[in-house]
Amino acid sequence: DGSGDNEEGSAVENEEAAKGTGQKRATPRTRRAHPRGRDRHGDEEDEDDEHGTRRAGHRRHRNRRRGRVAGNEASDSDMEPEKARKNQANQKSKEDDEEEEDEKEGKSGKGKNEKKGDKKPDKKGKKEKANKKKKDKKKSGSGSDSESEEEPITEEELAKLKEEVEEKKKLIATLRNKPWKMKKKLSVLKEAQLFVEKFEGALGKGKGKKFYAYKVMMTKKWMKFQRDFENFKTACIPWEMKIKEIESHFGSSVASYFIFLRWMYGINMILFGLTFGLVMVPEALMGKPYGSLPRKTVPRAEEATAMNFATLWDFSGFAQYSVLFYGYYNNQRTIGWLKFRMPLSYFLVGVGSIGYSFMIVTRTMAKNANDDGGGDDTSFNFSWKMFTSWDYLIGNPETADNKFASITTSFKEAIVEEQESRKEENIHLTRFLRVLANFLALCTLAGSGYLIFFVVRRSQQFALEGLENYGWWERNEVNTVMSLLGMFCPTLFDVISSLENYHPRIALRWQLGRIFALFLGNLYTFIIALMDEINLKARYFLSFTMFDMHLGNIEDLQPLEEEKIVKYNMTIWEASLYNGTTPENSTAPPIQVDPADVPRGPCWETMVGQEFVRLTVSDMMTTYITILIGDFLRAVFVRFFNYCWCWDLEYGFPSYSEFDISGNVLGLIFNQGMIWMGSFYAPCLPAINVFRLHTSMYLQCWAVMCCNVPQERVFKASRSNNFYMAMLLFILFLSTLPAVYTIVSIPPSFDCGPFSGKTRMFEVISETLEHDFPSWFGKVFGYASNPGLILPFILLMVLSIYYLNATSKSYKEANLELKKKLQ
Amino acid sequence: AEGSGAMGGSASLVPRELLGEYQELTFLSKQEILLAYKRFSELLPKEERENAWSARVPKSQILTLPELRANPFQHRICHVFSTSETRDDSMSFEDFLDMLSVFSDSATSDIKSHYAFRIFDFDDDGTLDRKDLEQVVNCLTGQGEESRLSSEEMEQLIQNILEESDIDKDGTINLAEFQHVVSRSPDFARCGGLQR
């Protein structure tokens, strides 16, 4: 630090090759620089004291310059910053001479100590050089493109100058990091800027002069552009004001939920952009229109109810036979005049969405881990509590009171813990209670899983008997039950955890883990039951056909035979159109049939997509209704009925609700998991989710400010950040498993979707390689996908992971060693 | 032109070249500087708003800002950032900008810890000794009698803190030790910005 300060003398002084950071120079210089250095170091003493008059002189000097700057800026357009500055610089350099004389006069006139005396001759020498340079500058006119009528500057001096200019530039860049007052910073900035301008032109003499000037100008423009871009980016961040307001009322942990929500919104926007722009729009614009193909038309049987609101809300009818779902897409290799490869695009968008999600989640996790530092949780316990526990974002006195209380409690707790850390009391009772609590939690999880399975089975029965006979509850039983479970089980877990008597942070982790297991179990049970249902439906559809054909038992059915059966069905039906003539020998023109009348094969992908969409919509509805009833109506009740109630509603039961951060974050994460799972089958899912997140943000912001009170125990947001990210990553991985499995092992439906007719969905890649790329590419790809090449590659990756892990461990150990040395 | 265009109401403005320089010298963006200017001029009485740039706002007015209102260290903050020659802790616009810059999200942990040290140093002697630490704790536990720590608890707490952070065992915490402790905390970087 000291050495840095030594360099920060006045610009004029540094002319004489101030290479040394700590080198002994001519005594006058160092002696002059030192007091200045001491002054600038940390601002601990008042700068006015010691060198009051000199400082005052300086200040006047600076102010005069400043005044002149303001006056001289005739054309201060950003178009010609270079030129304008050079003009200024020239004028200033003229003034410089005068002012320096003044300054020196002023100082020597005040009768300072001998430092000044020694300084003088030195200064004179420097001044001469300065004058010489300034004269050069003046002669050179207003630009840097002057001719070489000045004295040649030697290479060595040129290099030194360059270095100084670089140092000054670095100083300018790091000025904002210095803990000085603004006035000081401004004056140092001006000095440094002047120096740089003056000598940048001088440096440009020689061969590369014009190029150098050009480079300098481009650097300046680039920096300005960067700064403007940064400003623009910060202005673009949505909902910043809302979140800041919430932060000031509720603290940083509640606000972290909203920041998380906003981040999710960003991801979903990108996914929406991909699916909308590359899948839905091309098909809508360039694919065959509605009604031209059997797969794109509502079948005759459903036509009557296709436009009803109930059907549309259920995502059947016209909603089903549209770009929103997998089944609508045609398997033509290219569509439209652009020769857009639809199946390839569909496949790549699906895979690309998953890849992008992985990448961004991992990147955010790495960034969070970086910010975390070494992760020393316990070595500075008390100090951190003291110095960093205040949340400076709090602006609301009520929250501040809560924060005070929680800080006090945490101090007292920490002190008590520290004192009694060796006491072990009643460990057996605690252990027993904890085991009991875990057992109860497991029972709850098992119970909820069974309930879902049971309900899905029942819905299959309803489906078999025809849904028209049943009311709203039966139709939506599955979704409602899942949402209700998601609402009530976490509260149950909360009650159970009071048995356990853990430290609140650990208890929170257990709670989160249990809720996580709950949601996961529910989701996978749902998927399994769904798969069952699809199989059942398909068999139901085919069972009549098989009965006709006396083909035997349905259990022996193979997928290819399914296809044969339906095709057989269709030929029979076609034959019926021809009134008996066999189609093979027919030379008659094919009869025009309305696509709505053609019998259709099963389309399980659309069914899966529909289920996910319905689940998302019902989840959204449940959340909104919970907020309105659970938070808003409760707040209204407590507020207005408090006057006529026996006990104090606001302090006792039920009181205002607190914002449940962990519940909401988990809900968000699982919602996203469903989107990832279903978006391959229903391209409309990201769009629905964007809409849902958008409205959710506004609704929850309003609800939080209006109906919630700040939490009693105020937790820090930062430690849980990576925990939530880890859960998100895990969910992402689990969600993509089903999609990947279906892509790789299950044959696509033969009658609907962009992959119909292929044995496996990924064959679209090999097809593209065959048709669209030159032949050698296909060969290279063939070699690359050889197991003989892939296995060594995997081995290499495993080895590099091991190596990186070992290196990181050794760094951590070195870190610890150094820390110990410090102690 | 710059100022009134963006704010549409205040007649006074920040000189344009200074705006650029403030951007260089602080961690604030252009919008934040203009917003700060607007908030600052609102703290002044109407007749002084024309030269808000060179005016000084008395401490009582500064403390009405929502960001400082609920802050237990409000007086120290005003004292540390004020460049008032009469030592009355009044703040000029540049002091205000300094304060916002240090508290903004993009400020480095270095500069934050430097200023935090000065804020906690109640007696301005350059080190945090027992009395300073006691005062910090009292600020943090609020004003109520029941929420304050007893003297034994205070003793214990300060002892623990000094054990953890005082590396050269001289009974006080100096700037280097403070920065060493605090730079490792993941929570330290989250200090406030300006509300709209």
Side-chain angles (χ1 to χ4, degrees), chain A residues 44 48 69-70 73 76 172 175-179 181-183 185-186 189 227 230-231 234-235 241 244-245 247-248 252 371-374 376 379-384 386-397 399-401 404-405 407-408 411-412 415 418-419 716-719 822-823, chain B residues 15-17 21 23-27 29-32 66-67 69-73 83 85 94-95 97-98 101 103 108 110-111 114-116 120 126 133 136-137 140-142 144 147-149 153 156-157 160-161 164-165 167 178 180-182 184-193 195-196:
Chain A
E44 265 131 27
D48 286 334
V69 165
E73 280 177 357
D76 190 29
I172 293 178
L175 252 185
R176 54 168 75 123
N177 278 326
K178 303 258 188 261
K181 295 284 182 247
M182 186 67 84
K183 272 207 175 69
K185 288 197 275 191
L186 271 174
L189 177 71
R227 199 199 295 164
E230 281 299 322
N231 283 344
T234 34
M241 303 159 254
K244 280 243 151 44
E245 200 182 339
E247 243 173 351
S248 101
S252 54
D371 291 340
D372 247 354
D376 271 304
S379 57
F380 294 117
N381 204 6
F382 284 97
S383 311
W384 283 352
M386 170 108 125
F387 297 130
T388 64
S389 59
W390 180 257
D391 193 352
Y392 287 90
L393 300 165
I394 293 179
N396 180 17
T399 322
D401 285 338
F404 288 139
I407 289 180
T408 316
F411 272 143
K412 291 192 175 164
I415 295 176
E418 170 91 4
Q419 285 172 344
K716 279 294 179 172
S718 53
R719 308 257 170 111
L822 269 177
Q823 309 268 338
Chain B
R16 188 184 165 137
E17 71 274 12
E21 286 176 359
Q23 280 189 299
E24 275 294 327
L25 294 175
T26 63
F27 291 98
S29 70
K30 184 163 86 173
Q31 293 96 330
E32 288 170 339
E67 291 80 4
R69 202 166 44 197
N71 194 315
F73 299 109
T83 54
E85 277 139 35
E94 292 182 345
D95 300 335
L97 274 188
D98 267 336
S101 165
F103 277 105
T108 58
D110 253 359
I111 198 172
H114 183 101
Y115 274 100
F120 291 145
L133 293 177
V136 172
V137 172
L140 280 176
T141 54
S147 62
R148 297 215 154 185
L149 298 183
E153 287 170 337
Q156 179 73 35
L157 179 60
N160 288 336
I161 292 177
E164 284 175 357
S165 326
I167 299 179
F178 181 76
H180 175 247
V181 167
V182 141
R184 269 164 187 63
S185 160
D187 301 324
F188 186 63
R190 312 208 77 244
C191 293
Q195 266 185 36
R196 300 294 152 117

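To find a chain, count down the sequence lines: A is the first, B the second, and so on, and within it residues start at 1.
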Pairwise distance [atom1]([X]) to [atom2]([Y]) - rounded to 0.5 angstrom:
{"X": "A/R176", "Y": "B/Q23", "atom1": "CZ", "atom2": "CD", "value": "8.5 Å"}
{"X": "B/L25", "Y": "A/K178", "atom1": "CG", "atom2": "NZ", "value": "12.0 Å"}
{"X": "A/N177", "Y": "B/H114", "atom1": "CG", "atom2": "NE2", "value": "12.0 Å"}

Salt-bridge present (A/R227, B/E24; N to O < 4.0 Å):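 Salt bridge present between A/R227 and B/E24.
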A/M182 vs B/T83, side-chain contact (heavy atoms from CB on, under 4.5 Å): CA-CA, chis, key distance, verdict: CA-CA 9 Å; A/M182 186 67 84; B/T83 54; over 6 Å; no
Return the option, out of B/L97, B/I111, B/T108, B/D98, with the maximum number of heavy-atom pairs under 4.5 Å with chain A. B/D98
Which one, B/L133, B/V137, B/D95, leads in non-hydrogen pairs under 4.5 Å with chain A? B/L133
